[in-house]
Every structure is written in structure tokens, then in C-alpha cells.
Amino acid sequence: MVKPALVAVDDDVEVLKAIERDLRDRYRKDYRVLRAGSGAEGLEVARELKRRGAPVALFLVDQRMPAMSGTELLVEVKKLYPDACKVLLTAYADTAAAISAINDVGLNHYLMKPWNPPEQRLYPVLDDLLSAWWSRARLPFDGIRVVGSPWSPASYATREFLSLNQVPYQWIDIDQEPSIRELVTASSEGGTRLPVVLLPDGTQLVAPTNLEVAVKIGIQTEAKLPFYDVVIVGGGPAGLANAVYAASEGLRALLVEQSAPGGQAGTSSLIENYLGFPSGVSGADLALRATVQARRFGAELLVGHEVTGIRQNDPYRIVTFADGREVSCYAVVIATGMAVRKLEVPGIEPLIGAGVYYGAAMSEAARYRGRDIAIVGGANSAGQGALFFSRYAHHVTMIVRAAGLNPTMSRYLVDRISDTPNIEVMTRVEVTSVQGDAARLERVTIRNVDTGEETMRDLSGLFIFIGVAPRTERLAGVVAMDEKGFVLTGSAISRVAHGWRLERDPLMFETNIPGVFAAGDVRASANRRVAAAVGEGSAAIYSVHRYLTTV
Ligand SMILES: Cc1cc2nc3c(=O)[nH]c(=O)nc-3n(C[C@H](O)[C@H](O)[C@H](O)COP(=O)(O)OP(=O)(O)OC[C@H]3O[C@@H](n4cnc5c(N)ncnc54)[C@H](O)[C@@H]3O)c2cc1C
């Protein structure tokens, strides 16, 4: 736990040394004793402590300081630390100032100089004040803090990145903490570029990219080796299974993930059909277990890098990242999965991350406690989302275009939805526009697809689950795909149409580029389930082994 600070401020060097000595003698075990040689310096110390989120229990400040008096300083520090104990050191002539400070700054005590012996004239007073302070102190969070606006898409993106990577952080709503707003505005060059990520070492990131956050919080972002047997693109269940099997079978394996290990599955609140978990397993838990397992076998996992290209330089394959970096290997597995389809209706773009979300956005659930929200979609993931949010929201409307919930929705989900009183299923309806004010969702227009009749609904949150599309936009022109953008592999590769020139046939999971494989949801004709992705991920490594015997 961080020790609370005791801050002594005096412009008289000798007096300051004496205060510091006496404070340290008695309190150093439980507190940090800090000192400042002027009012301005004292204020800067207080601001820095606030920026770092450090608690302050006491300001012990001399009244007589030329540029900024003790009371003037206490007026300012009170804005930063309203609960800290405030004690003035005074000479007899300052008594009137001290008495008025009792009202002006809520002064807790004034001490006459000199205070010797401290056992009689200093410690009893401070002991009392500090024990009262402990009883009301709310010690701040000792880790990463994200300062932002709940209605800022960039703030949401950073929070989502941290929560998907299961990095604990404290969220500070800038509108609820005026003192933080002042500091953050000062440190983001006078503007309000959000979010600001405050790190425990006192440094901060203003409106950072995911990669910048990853570097700062110690997630691996640099490949350790110059060369790998296999590079896996994507850290969903398929990619994680690739990594576990490749590394456990002795291959030098590097997995590159742009966002967070877990992929789509990582966003699922409860996966109930995965073998071996009779009560279900949350996507986050499964992702964490798989990540630990892959690392334990020696696979490297790079997070925060998007792969933007793969090229052939026989016998090597070169994988390119968005920042221009490259990594070489013998074989590549594309496991980029699928991403949610976008809802294209007027007004939606500026509200994404500010009331409108794709997928479950579980980190946002608490914000919608007691509010009305809607889920767009009628398939399994929409059903899971509705059940998840029904635990928080006052009312959940499922907006379903078809005549009922998707026939492929698992029976247990259908039953649970109909048993949940605060979920309403609206069918044969679609969203036609969304409206918001001050960049926050306020209402949604819903049209009946049969009658054309439109109704408005006041909503705080709209969570969209309208299907998914393969994430292959970065691989266009690299490997052969079907008309929907899914990667073709194995027996689906035609020698003529896809330019396969080797004597042997493509291996299972091999694309039309020898040594480049695809597994999981991104592969044409895959069964899009967690277990299937894991199965493909592990089986693809068998093909990688066979390929490696040929290079
Ligand atoms: C909300 C939800 C609930 C679900 N519930 C269930 C369930 O209960 N049971 C079930 O069996 N299935 C469920 N599914 C489906 C299941 O999650 C998927 O079938 C499975 O995750 C597919 O795994 P994958 O590894 O192929 O791809 P994905 O999980 O899509 O992972 C792909 C990964 O690749 C990364 N990536 C993409 N492009 C790049 C790039 N260019 N560079 C670097 N990284 C990249 C992505 O960020 C992502 O992490 C659910 C899906 C969703 C969305």
C-alpha cells in the first residue's frame, strides 16, 4: 500500500529541516515525509502528488512566507486534498491570521513556534489529527488510472483495451472530479485530449494508441527473436490453440494480436457449450487460461500490433505490422477470425463508444445500471448480450428484424430470455436512425418492417450484434478467398484458379501460398464455434510440422 504523505512547507531552511526531522522521527514508518521550501513549491508538490494519485494526510505549513502565505497555500491545496489535515505554524503575531484560516480553509490546528519538545507540543496534536484522518480516509487506488469522459469514444477504446487484456485500472470520470479535470487539462497542453492514462510511476499518456498503452503497462510488444518457425496472426481461440500446440511441440512460435487475446470468445460473458466446463466459462477466463498456457510452453504473444501484410521470400515468409516492423518465419497461420458487422444508419458514427457499442462491451455494464438499453440482433451472441445486460439495466429491448429469435439460437438461451421479466423481444423491426445530444445516445428510431410505422424510443445504450464478417481486409490480394472474404484452404484450392504450382497438393488448412495456413472462423466453411476454432488451431499445427519438413 502507498504510504500517505505528510507535507511540510517553510521558506526558512533551518525551521524546515527541524520540522522534517521531527516528522520523520515519529512518522516515517507509516508516512512519506515530504518538504517544500516555499508556498509555490508546496503547491507544485501537492499537484504532483494528486497527479500520481498519492494520498496526503497532512499539510504542515508556515504562515509567514513572502510570495505565498501559509493560508494562501492552504486555500489552494484544499481544492486538491479537501480531506487532508491542515496545520499552520505561526508566530504569536500571526494568531489572528490563523484564527481566520480556521473558517477560510477549515484549518485543523495552529502550532506556535517553536514546538519543542515535540513529544509534548507537536506529536499529541498530530497523532489526534492523523488518527481522525485515517478514520475518514479513502485511500486511492494504487494502480493505473484512466481519466476520461464516459461519452468519449477514445476513452472507451482505452478502457476496452485494458479490460480485454484483463489489466486492472481505476476509471475516473473527469466530469465528477473537478480537481482532476484541472490537472489533466494542464497536462494535455491546455486542451482536453482524452483519455489521460495515469501510471503508478507518475508518468502519463495523453490520448494514447493501444500500442502505447501496451508498451507502458508491460505487455510484450517486441518480438524477442529475429526469426520464428511459425508466426500466428490473431489471438482468438484458434490462434491461442496454434500457439499452445506449436510451442508445446517445440516450435519457435510468435502470436501477434492487435487488440487482446481471446478474440470474439473473449467478449462472451458465458460460454456454456465448451467441453469440460459444465457450468460454463467466461470468455475472459478462457482467454486468460489459454494465454498462460501458451506462454508456459514458451510461445511469445505480442499484443497491440496489427498485421497488415504477409509476403513470400522463399523459403521465408515475412509478416508486416502496421508500424512498418517486420518479422521473418517459415510458416504463418492466419487466425484473424471475424469482426462484427457495422450497422449503417444515420447518426450512428459519432455515438460509437458514447452509448452505441458493437458487441457486449462488458466493461460498460455498470454504467447502464437502472437504465433502458436495447440489443440489436436475434442470434446467439445477441441473446447472451441481452441476458448479461438484464442483470444491470432496468429494461432490455431486443430489436430483431426476423419474425422471431434466430432459429439457430441455442434452446437454453431462448428459454432464459423468455423467463427474464425485464427483457422484451420486438420482432419484425429495425433501427433506422439514432440520435444523441452532446455526443451521447439519447433515442433510437425503430421501424416496423411490415407496416413502415416508425416509433422513437429513449435509450441510454444500444448494443449491436448483427452478425460478423471475416477479418481479411488486410489480406486482400495475399491469399485466395471466397466471395464473402473467407480464406480458402486445403482441398478448396484449385491449381488453375488459385495458381498452386507445387507438385504436392495443399495440406489441410494450407492456403494457396505454400506455408501460409488459415484456421478458425476466418477459414471458408469453418464451423464458427469456440471448440471448432480450438480444434482447427491445434490441427493446423500438424500441417505446419509437415510443411516444415519440406523447407
Ligand atoms: C459475443 C459472442 C459470444 C459467443 N459465444 C459463443 C459460445 O457461447 N459458444 C461458442 O462455441 N462460440 C461462441 N461465439 C463464437 C466464437 O467466439 C468464435 O467462433 C471464436 O471466437 C472464433 O475464434 P477465432 O480464433 O477463429 O477468431 P476470433 O475469436 O475472431 O479471434 C481473432 C483474433 O484475431 C485478431 N486479429 C484480427 N485481425 C488481425 C490483424 N490484422 N492483426 C492482428 N490481430 C488480428 C482479432 O483482434 C481477434 O482477437 C461467440 C462469439 C461472440 C462474438
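Excluded from the calculations below are hydrogen atoms, water molecules and symmetry mates; all remaining heavy atoms, backbone and side chain alike, are included. As the structure lists them, so they are numbered: ligands from 1, and atoms in each ligand from 1. These figures come from a predicted structure and were not determined experimentally.
- Less than 4.0 angstrom separates some heavy atom of G520 from each of these atoms of ligand 1: 26 (O).
- Using a 4.5 Å cut-off on side-chain heavy atoms (C-beta onward), E222 and R325 make contact.
- Two residues are said to be in side-chain contact when any heavy atoms from C-beta on lie closer than 4.5 Å; F509 and Y542 fail this criterion.
- With a 4.0 Å cut-off on non-hydrogen atoms, V256 touches ligand 1 through its backbone and not its side chain.
- Between R474, Q264, E257, it is Q264 that holds the heavy atom closest to atom 53 (C) of ligand 1.
- Residue contacts with ligand 1, taken as heavy atom pairs separated by less than 4.0 Å, involve A533 solely via side-chain atoms from C-beta onward.
- Side-chain contact between L162 and I217 is present, with heavy atoms from C-beta onward closer than 4.5 Å.
- Looking at P237 next to ligand 1, an N or O pair under 3.5 Å apart turns up.
- Side-chain atoms of I464 and V340, non-hydrogen and from C-beta on, never get closer than 4.5 Å to each other.
- Looking at Y547, its side chain never comes within 3.5 Å of a backbone N or O of V516 through a donor-acceptor pair.
- The residue among Q384, E272, R528 with a heavy atom at the shortest distance from atom 8 (O) of ligand 1 is Q384.
- Around CD of E454, the count of heavy atoms belonging to other residues, nucleotides or ligands within 6.0 Å exceeds 12.
- At a 4.0 Å heavy-atom cut-off, ligand 1 touches R471 through the side chain alone.
- Ligand 1 places these atoms under 4.0 Å from at least one heavy atom of M338: 30 (O).
- Within the listing of ligand 1, atoms 10 (C), 11 (O), 12 (N), 13 (C), 16 (C), 17 (O), 19 (O) sit less than 4.0 angstrom from a heavy atom of V530.
- Interface atoms of ligand 1 facing T267, defined by a heavy-atom separation under 4.0 Å, are 1 (C).
- Considering backbone and side-chain atoms together, V307 places an N or O closer than 3.5 Å to an N or O of ligand 1.
- When each atom of ligand 1 is checked for a heavy atom of G235 under 4.0 Å away, the hits are 33 (C), 34 (O).
- Checking side-chain atoms of T511 against main-chain N and O of I513 turns up a donor-acceptor pair under 3.5 Å.
- In summary, the atoms of ligand 1 found under 4.0 Å from a heavy atom of N273, numbered by their order in the structure, are 7 (C), 8 (O), 9 (N), 10 (C), 11 (O).
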Step by step, work out the salt bridge (Lys or Arg N to Asp or Glu O under 4.0 Å) result for D482 and K484. CA-CA 5 Å; D482 69 8; K484 290 186 177 155; over 6 Å; no

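- Listed for the R528 side chain is a donor-acceptor partner under 3.5 Å among the backbone atoms of D521.
- Below 3.5 Å of separation, one finds an N or O of A265 facing an N or O of ligand 1.
- Within the structure, the closest approach of H305 to ligand 1 falls below 4.0 Å when heavy atoms are considered.
- The main-chain N or O of L251 is never found under 3.5 Å from a side-chain atom of D229 such that the two would form a donor-acceptor pair.
- Neither the backbone nor the side chain of A526 comes within contact range of ligand 1; no heavy atom lies under 4.0 Å.
- The distance from ligand 1 to the heavy atoms of A335 drops below 4.0 Å at these ligand atoms: 32 (C), 33 (C), 34 (O).
- Near G263, meaning under 4.0 Å from one of its heavy atoms, ligand 1 places the atoms 29 (O), 31 (O), 48 (C), 49 (O).
- Contact check for Y274 versus V534: side-chain heavy atoms found under the 4.5 Å cut-off.
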